[in-house]
Amino acid sequence: LGLDREAVEAGSSVTFLPYLDGERTPNLPHASGLLHGLRHDTTGGQLLQAAYDGAVYSLLGALDLVLDTDADRSAPLLLIGGGARGKAWQRTVRRLSGRPVQVPEARELVALGAAAQAAGLLTGEDPASVARRWGTARGPVLDAVERDEETLARITGMARRGAARRHAFERRAEREERRGVCLHAIRERFRGIDVESQNRTGDEETVVSLPRDIANRQLERGDRQVA
C-alpha cells in the first residue's frame with residue numbers, strides 16, 4: 001500500500017483474514033487469506049485498518065486457546081516487538097480485546113526472556129520470577145476501552161463462512177476423486193465392449209461388435225452409486 005503504519009482509516013466493512021500461509025494456533029494448516037467487502041471507494045487506509053483488525057483477531061483467538069482456564073482475562077496485554085510502538089496497533093488491540101495494554105520500555109524483550117531462562121537454569125529460580133525481578137515488563141499501561149463487538153462479530157462470521165466453503169469444497173473434491181476412481185475402474189472392466197474384433201477365415205471376414213448400451217448402463221450405475 002505504501003502507507004505509513006499510522007495511516008489507518010475507520011468506517012469500513014472491509015474484512016481481512018490473515019491466514020496467508022495457514023495458521024498454527026488455531027490449528028488451520030490449510031487455511032488461506034481472505035479479503036472481503038471491497039467497494040469502489042475503499043481507501044488504502046481502510047485496507048490497512050482491516051489488516052490490523054484481522055491480525056489482532058487471530059492473535060486474540062490464539063491467546064484464548066493457550067490461556068489456562070483460571071487465567072485473569074482482565075489483566076493488561078503485554079505488547080512486544082516493533083509493532084508495539086505503533087499507536088494504531090495499540091488502539092486496535094485495546095478496541096478488539098477490551099483489555100488494558102502494557103507497552104514495555106525494554107526494546108529487546110525476546111533476548112531478555114532468553115537471558116531470564118538461562119539465569120533460571122543457573123540459579124534454580126523460576127525464569128518468570130527472574131523476569132519480574134528484572135522488571136522486563138516495566139512500562140506504561142494504556143487503559144481498556146469498550147470492546148468493538150460489531151467488528152469482532154463481522155470477522156467471526158466471515159471466518160466461519162470461509163471455513164464452511166473450504167470444507168464444502170474439500171468434500172466435493174473427495175467425491176469427485178472417488179467418482180473418478182470408480183468410473184475408471186468401470187471403463188477398464190468394460191473396455192473391450194466397444195471394440196470391434198475382426199476374425200478372418202480365408203477370404204471370409206467376420207466382424208463382431210459388442211453392444212455399447214451395456215457399458216453405458218454400467219457407467220450410469222456407477223455415477224448413481226458415487227453421487
Please indicate whether Glu6 has more than 12 foreign heavy atoms, meaning atoms of other residues, nucleotides or ligands, lying under 6.0 Å from its CD. yes

Look up atom CG in Leu63 and atom CG in Leu77, then write down how far apart they are to the nearest 0.5 Å. 6.5 Å

If you measure from CZ on Arg94 to CG on Asp148, what distance do you get to the nearest 0.5 Å? 13.5 Å

Rounded to the nearest 0.5 Å, what's the gap from OG1 on Thr15 to OH on Tyr57? Could you check? 10.5 Å

Between Asp53 and Arg95, is the closest basic N to carboxylate O distance under 4.0 Å? yes

Taking every non-hydrogen atom, the tightest pair across Leu112 and Ala106: CD1-CB, 3.7 Å

Under 3.5 Å, is there a donor-acceptor pair between the side chain of Thr42 and the main chain of Leu38? no

Check: Ala137 main-chain N/O paired with Gln102 side-chain donor or acceptor under 3.5 Å: yes

Hey, could you give me the CZ/CG distance between Arg147 and Leu152, rounded to the nearest 0.5 Å? 5.5 Å

So if you build clusters from Ile, Leu, Val, Met, Phe, Trp, Tyr with side-chain heavy-atom gaps below 4.5 Å, do Val103 and Leu109 land together? no

Short question: side chain of Thr92, backbone of Ala88 - any donor-acceptor pair under 3.5 Å? yes

Single-linkage hydrophobic cluster Leu78~Val110, side-chain heavy atoms < 4.5 angstrom: no

Counting only heavy atoms not in Asp41, do more than 12 sit closer than 6.0 Å to its CG atom? yes

Arg138 atom CZ: more than 12 heavy-atom contacts under 6.0 Å: no

Minimum heavy-atom separation for Pro100 to Ser74, with atom names? CD-O, 3.6 Å

Before giving the answer on side chain to side chain contact (heavy atoms under 4.5 Å, CB included), spell out for Arg85 and Arg107 the whole-Å C-alpha distance, their side-chain angles and the decisive distance to 0.1 Å. CA-CA 10 Å; Arg85 307 292 169 181; Arg107 296 285 181 171; 3.3 Å; yes

Beyond-backbone contact of Leu20 with Ser32, side-chain heavy atoms, under 4.5 angstrom: no

All heavy atoms of Ala119 vs all of Val130, minimum pair found to be CB-CG1, 4.1 Å

Under 4.5 Å between side-chain heavy atoms, hopping through other hydrophobics if needed: is there a path connecting Ile155 to Leu59? yes

Can you confirm whether Asn27 sits close enough to Thr25 that some side-chain heavy atom of one is under 4.5 Å from a side-chain heavy atom of the other? no

Do Tyr52 and Arg91 have side chains that get closer than 4.5 Å, going by heavy atoms? no

Kindly give the heavy-atom pair with the smallest separation between Tyr19 and Ser58, and that separation in Å. CE2-OG, 3.6 Å

If you define the side chain from C-beta out and look only at heavy atoms, does anything of Gln49 sit under 4.5 Å from Glu9? no

State yes or no: do Leu65 and Leu28 share one hydrophobic cluster built from I, L, V, M, F, W and Y residues joined by side-chain heavy-atom distances below 4.5 Å, directly or via other members? no

Do we see a donor-acceptor contact under 3.5 Å between the side chains of Ser129 and Arg132? yes

In this structure, CD of Glu149 is separated from CG of Leu96 (nearest 0.5 Å) by 9.5 Å

Going from CD1 on Ile80 to CD on Glu108, what distance comes out if it is rounded to the nearest 0.5 angstrom? 10.5 Å

ILVMFWY network linking Leu60 to Leu34, side-chain heavy atoms under 4.5 angstrom: yes

Would you indicate whether the side-chain heavy atoms of Val101 and Val141 approach each other to under 4.5 Å? no

Looking only at heavy atoms, what is the nearest atom pair of Asp64 and Arg73, with distance? OD1-NH1, 3.1 Å

For the side chain of Gln46 and the backbone of Thr43, is there at least one donor-acceptor N/O pair under 3.5 Å apart? yes

